[in-house]
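Input: a single structure, listed below in structure tokens.
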Amino acid sequence: MSDVYIVGTDMIRFGRFPERTVPDLGAEAALMALDDAGLNIGQMQAMYCGNLMQSGNTIGQKILQEIGQTGIPVVNCANACATGATALREGWMAIKAGVYDLVLCVGVEQMGRGLLGGGASSGIPTEGLLGSGTMPTLFSELGMEHSRKYGTTFEQFAKVSVKNHEHSMKNAKAMYQKETPLDMVMNAEMISFPNTKLMCSVNVDGSAAAVLASEKKAKELGLMSRAVRIKASALTSDPFTDHDLTLPDFNTCTRMCAQQAFEMAGIGPEDLNLVELHDCFATAEIMHYENLGLCAEGDGGKLIDEGATYWGGRIPVNVSGGLLSKGHPLGATGIAGVYEVSTHLRGEAGPRQVEGATIGLAHVVGLGNAAAIHILEKVT
Amino acid sequence: MSEATATAGPLPVVPYLKLPEGGSPYLEGTKCGNCGAVYVGPRRACSSCFSRDQFETIRLQNTGKLYTYTIVYRSFPGVETPFVSAVVDLDGGGTIKGNLINVDPNPESIPFDMPVRVVFKDAGRKDAEGNSYTAYFFEPAE
């Protein structure tokens, strides 16, 4: 089976673009990724499109209707917040299987503002009656589960947000470039204890794309010098665990996914130079430190206290600013994380470059549940 | 709000809340006879051991312990805050989420593993036909 390479990738600056359409946002990133590879849509053999909120609307085809209709197969993917990563993985798998040599993967989302979750119900609405089903609530309950197990504090969770906002000061594509000191984070409006407003990801519009190629094709096109190797691609759903049906268990599916990805890549967490992980809420990042093996079980709070996950630290996490400050356009997020890691491996990340990065990991989770991990390696 | 279309008595807020005539309300669950897993509500198959034919319908207990929670300050428009959204492990099995009432909404007042009891009362909300509903809540047991 051929190795699979990212030969072109880019993302638009995340923001709020209510006047634009989803296909238009996706088309922009698709063209940017094609330009980055020096290729055109006529060379693509298939397209994989991730979009969640308009998943019934053949967004992939509509993107092609804007950038070039060649009759290639289009697969539209929806998989909660793992949507973009799932689309990328479908492209990876098709090349692995030897069906195609060159494919385009796009993730795109246009978001409203405010709380996500809750859901429809018959009879009477149960939000605030039978507890709460919003996203901030779920990730706060999970954060409190971590507190009950390991004594993790509100301040430790808040430090994650301080870090990721600081990181985004060096990322022109992030929604915000604004420093948020600890007291500002902790004194921001409490949304759901222990997550304040600055500890919740930003709802933004955005898109990101990647062109994937087989080794043969990448060499034939002379694209190996900037290519990034996909060392592993893993996707899991939630296995049975005691509380999962009531309190969605994002930890176990991430751990399973990490184990599979590390095994496929033939490396361990100690070999990583940078990580982009799913910080949809500040509480989640601490849990994923442990889920991804960046520290021992229960040491997530200590890891942020030590500053190990800052740019320049032992294992930089979310140097892009993460979902907390770069923003979280659901269907685009998975590919945006892959773009960020790829950019560092190519040595093209400018002022936020993680020096000498040769291997990195991009992780997302989606409610429902899904976990996806890609491990990427610089081609030497 | 037509009186004519509303049913006579209150309806259960969720299908697994049972309101037996002349008896006390309770929550209904399912126990897998093969592996012992306890679920809230009915099941077609066991997601732990995949068994399909050894289910027993059980009455979930009205006592349990607080597993985790959050204090919700921002919810959807019209929902009164703050309130405590709690995940409770029921004695004898089953995990449910609901509002924890009759506590100070403050982390210092809400210890993990606090014993709670399940209480049933009017939901305080009516549907479009004017039906009233009975809901379940948690409150400190001590």
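Proteins get letters first, then strands, A, B, ... in listed order; numbering begins at 1 in each. Everything quoted here is computed from the prediction, not taken from an experiment.
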**Message:** Using every non-hydrogen atom in the two residues, find where Ser85(B) and Ser132(A) come nearest and quote the distance to one decimal.
**Reply:** OG-N, 3.0 Å
**Asked** Do other residues, nucleotides or ligands put more than 12 heavy atoms under 6.0 Å from Gln259(A) CD?
**Response** no
**Message:** Heavy-atom cut-off 4.5 Å, strictly under: side chain, backbone, both or neither for Tyr136(B) against chain A?
**Reply:** both
**Asked** Crowded around Glu80(B) CD? As in, over 12 foreign heavy atoms under 6.0 Å?
**Response** no
**Message:** Surrounding CD of Glu263(A) (heavy atoms of other residues, nucleotides or ligands, distance under 6.0 Å), is the total greater than 12?
**Reply:** no
**Fill in**
Distance col, row Phe240(A):CZ vs Cys46(B):SG, nearest 0.5 angstrom, shows 6.0 Å
**From Tyr69(B) atom OH to Ser192(A) atom OG, the distance as rounded to the nearest 0.5 Å** = 11.0 Å
**Item:** Expected output: side-chain Asp127(B) to main-chain Gly123(A) donor-acceptor under 3.5 Å
**Value:** no
**Asked** If you round to the nearest 0.5 Å, how far is CG of Leu245(A) from CD1 of Ile96(B)?
**Response** 13.5 Å
**Request:** Side chain from CB out, backbone as N, CA, C, O: work out which of these in Pro105(B) comes under 4.5 Å of a heavy atom of chain A, or both, or neither.
**Result:** neither
**Asked** In terms of heavy-atom pairs under 4.5 Å with chain A, which of Leu100(B), Asp89(B), Val14(B), Val38(B) leads?
**Response** Asp89(B)
**Asked** Any side-chain heavy atom of Thr68(B) within less than 4.5 Å of one from His243(A)?
**Response** no
**Prompt:** If you measure from NZ on Lys97(B) to OG1 on Thr137(A), what distance do you get to the nearest 0.5 Å?
**Reply:** 6.0 Å
**Verdict with reasoning, Asp113(B) to Arg148(A), per side chain to side chain contact (heavy atoms under 4.5 Å, CB included)** = CA-CA 9 Å; Asp113(B) 288 326; Arg148(A) 82 169 267 149; 2.9 Å; yes
**Prompt:** What's the spacing between Lys197(A) NZ and Arg74(B) CZ if we round to 0.5 Å?
**Reply:** 5.0 Å
**Asked** With only heavy atoms counted, which part of Leu66(B) is less than 4.5 Å from chain A, the side chain, the backbone, both or neither?
**Response** backbone
**Request:** Check each atom of Ala123(B) against the heavy atoms of chain A and say whether the ones under 4.5 Å are side chain, backbone, both or neither.
**Result:** both
**Item:** Verdict with supporting geometry, Thr70(B) and Glu141(A), side chain to side chain donor-acceptor pair (under 3.5 Å)
**Value:** CA-CA 5 Å; Thr70(B) 180; Glu141(A) 287 168 348; over 6 Å; no
**Message:** Could you check whether any side-chain heavy atom of Leu129(A) comes within less than 4.5 Å of a side-chain heavy atom of Arg125(B), counting everything from C-beta outward?
**Reply:** yes
**Request:** Select one option (side chain, backbone, both, neither) describing which atoms of Leu247(A) are under 4.5 Å from chain B's heavy atoms.
**Result:** side chain
**Prompt:** Taking side chain as C-beta onward, heavy atoms only, is Thr126(A) less than 4.5 Å from Val13(B)?
**Reply:** yes
**Item:** Interface residues of residues 19-28 of chain B facing chain A - non-hydrogen atoms under 4.5 Å apart
**Value:** none
**Asked** Which heavy-atom pair separates Gly131(A) from Asn99(B) by the least distance, and what is that distance?
**Response** N-OD1, 2.6 Å
**Prompt:** Checking Val79(B) against chain A: side chain, backbone, both or neither under 4.5 Å from a heavy atom?
**Reply:** side chain
**Request:** Under the side chain to side chain donor-acceptor pair (under 3.5 Å) rule, what do Glu145(A) and Tyr67(B) come out as? Steps first, then yes or no, please.
**Result:** CA-CA 7 Å; Glu145(A) 183 188 37; Tyr67(B) 179 67; 2.2 Å; yes
**Asked** Is chain B contacted by the side chain of Asp244(A), its backbone, both, or neither, given a heavy-atom distance below 4.5 Å?
**Response** neither
**Request:** Without swapping roles, check the side chain of Thr95(B) against the backbone of Thr246(A) for a donor-acceptor pair under 3.5 Å.
**Result:** no
**Euclidean distance, Leu130(A) CG relative to Leu17(B) CG, rounded to 0.5 Å** = 8.5 Å
